[in-house]
Amino acid sequence: MPDFPVDAETIARAKGDVRRRLLAARRALTEAERAGSATAIQACVVATIRAAAAITDDTSSPWPTGPRVSTAGQTGTDAHRAPIGDPPHRPRPLVVAAYVPMPGEPGGTDLPHVLRAALPAGSRLLLPVLLPDNDLDWAEYTGTVRPGRLGLREPDSPRLGVDAVAAADLVLVPALAIDNRGIRLGRGGGSYDRALARLDPARTIALLHDGELLPEVPAAAHDRPVGAVVTPSGGLRPTEWTK
Ligand SMILES: Nc1nc2c(c(=O)[nH]1)N(C=O)[C@@H](CNc1ccc(C(=O)N[C@@H](CCC(=O)O)C(=O)O)cc1)CN2
Ligand SMILES: Nc1ncnc2c1ncn2[C@@H]1O[C@H](COP(=O)(O)OP(=O)(O)OP(=O)(O)O)[C@@H](O)[C@H]1O
């Protein structure tokens, strides 16, 4: 952000200009470029989910072992009764919030399907439902989506409320661009401005095509940073905010 005051109207106009440029660049992507971007982003997101699910601590471990017994110093016939090593790895269930990419958006239109297949048993995948005031409600993805407003596809399962997203371990966020501070440029409805205000920024990851991570985007007072970005060529990278 410039270090002098800029009025809201000037910022909104500057956002509009950058938005138009980025949307035009997305429209110009070929089918092959879109598919290549989606494949790389999905691979990175799936790896990120697997890593998050593998992180357990003693209190949250679902493994029913009881106190660990040290084998050190054991002698004689009891030695073979010692624990047989670490329990097999069991990934922890996660709550992940994502979105249904529209054609040309990063992540590919089958992103929810791919995420659902990658999540450990017992996990939940939440998707946004656009409310009349452009705030976001959330509902669980159970395998189907139906057409919504503005060309969106949305889950048809019961609504969970605008605060349901706060329970998510990871939140994948759509964006037209992100800057080095993590400031996000969206489609202009203010939907994710409101959702991000309910979230721990460290759990938010924006998905971008190459070229959409910019040095700076116009920022207003209500803009909240995301914690990381995924791009096809750069993989997962934290934004400056989390470093
Ligand atoms: N995939 C996806 N879902 C999302 C968002 C998003 O950016 N991407 N949103 C992010 O906040 C919210 C929806 N906000 C939106 C705001 C504007 C347009 C829009 O202008 N769409 C068309 C016009 C379609 C029509 O009018 O029929 C366009 O791109 O031209 C779409 C979604 C919630 N869900
Ligand atoms: N917390 C909020 N409550 C209500 N309106 C908001 C809130 N935050 C932002 N807005 C309004 O939403 C409008 C669009 O904001 P902005 O241009 O930052 O959207 P965006 O982040 O690009 O859009 P989106 O999040 O839908 O992708 C602005 O007029 C802004 O005042």
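In what follows, residues are counted from 1 in the order of the sequence shown. Any value given below was found using the heavy atoms of this structure, including those in side chains, with hydrogens, waters and symmetry copies removed. Order of appearance sets the numbers: ligands from 1, and atoms from 1 within every ligand.
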What pairs with P103 under side chain to side chain contact (heavy atoms under 4.5 Å, CB included), at least two apart in sequence or on another chain?
R34, T109

Taking G190's backbone N and O only, do any of them form a donor-acceptor pair with R194's side chain (distance below 3.5 Å, no angle check)?
yes

Is there a path of hydrophobic side-chain contacts, each under 4.5 Å between heavy atoms of I, L, V, M, F, W or Y residues, that connects L126 with V46?
no

Inspect the contact between R181 and D223 and indicate whether a charged nitrogen and a carboxylate oxygen are less than 4.0 angstrom apart.
no

Nitrogen or oxygen contacts under 3.5 Å, ligand 2 side and protein side:
residue, atom, partner, partner atom, Å
ligand 2, 15 (O), D193, OD2, 3.3
ligand 2, 17 (O), R19, NH2, 3.0
ligand 2, 18 (O), K15, NZ, 2.7
ligand 2, 18 (O), D193, OD2, 2.8
ligand 2, 18 (O), H222, NE2, 2.9
ligand 2, 18 (O), D223, OD1, 3.4
ligand 2, 19 (O), G190, N, 3.3
ligand 2, 19 (O), D193, OD2, 3.3
ligand 2, 21 (O), R184, NH1, 3.1
ligand 2, 21 (O), D193, OD1, 3.3
ligand 2, 21 (O), D193, OD2, 3.2
ligand 2, 22 (O), R19, NH2, 2.9
ligand 2, 22 (O), G186, N, 2.9
ligand 2, 22 (O), G186, O, 3.1
ligand 2, 22 (O), G188, N, 3.1
ligand 2, 23 (O), G188, N, 3.0
ligand 2, 23 (O), G189, N, 3.2
ligand 2, 23 (O), G190, N, 3.1
ligand 2, 25 (O), R184, NH1, 3.0
ligand 2, 25 (O), S191, N, 3.2
ligand 2, 25 (O), Y192, N, 2.8
ligand 2, 26 (O), G189, N, 3.2
ligand 2, 26 (O), G190, N, 3.0
ligand 2, 26 (O), S191, N, 2.9
ligand 2, 27 (O), R184, NH2, 2.8
ligand 2, 27 (O), R187, N, 2.9

Side chains of L125 and L119: closer than 4.5 Å at any heavy-atom pair?
yes

Show every side chain to side chain donor-acceptor pair (under 3.5 Å) that has at least one partner inside residues 128-138, sequence neighbours left out.
N134-R149, D135-R198

Hey, quick one: are L130 and L111 part of the same hydrophobic cluster, counting side-chain heavy atoms closer than 4.5 Å, chains of contacts allowed?
yes

Counting only N and O atoms by type, is there a donor-acceptor contact under 3.5 Å from the side chain of E212 to the main-chain atoms of H209?
yes

N/O to N/O under 3.5 Å, ligand 1 against protein:
residue, atom, partner, partner atom, Å
ligand 1, 1 (N), V100, O, 2.8
ligand 1, 1 (N), E105, OE1, 2.6
ligand 1, 8 (N), E105, OE1, 3.2
ligand 1, 8 (N), E105, OE2, 2.9
ligand 1, 29 (O), R187, NH1, 2.7

I'd like to know if V173 and L236 are part of one continuous hydrophobic network [Ile/Leu/Val/Met/Phe/Trp/Tyr, side-chain heavy atoms within less than 4.5 Å].
yes

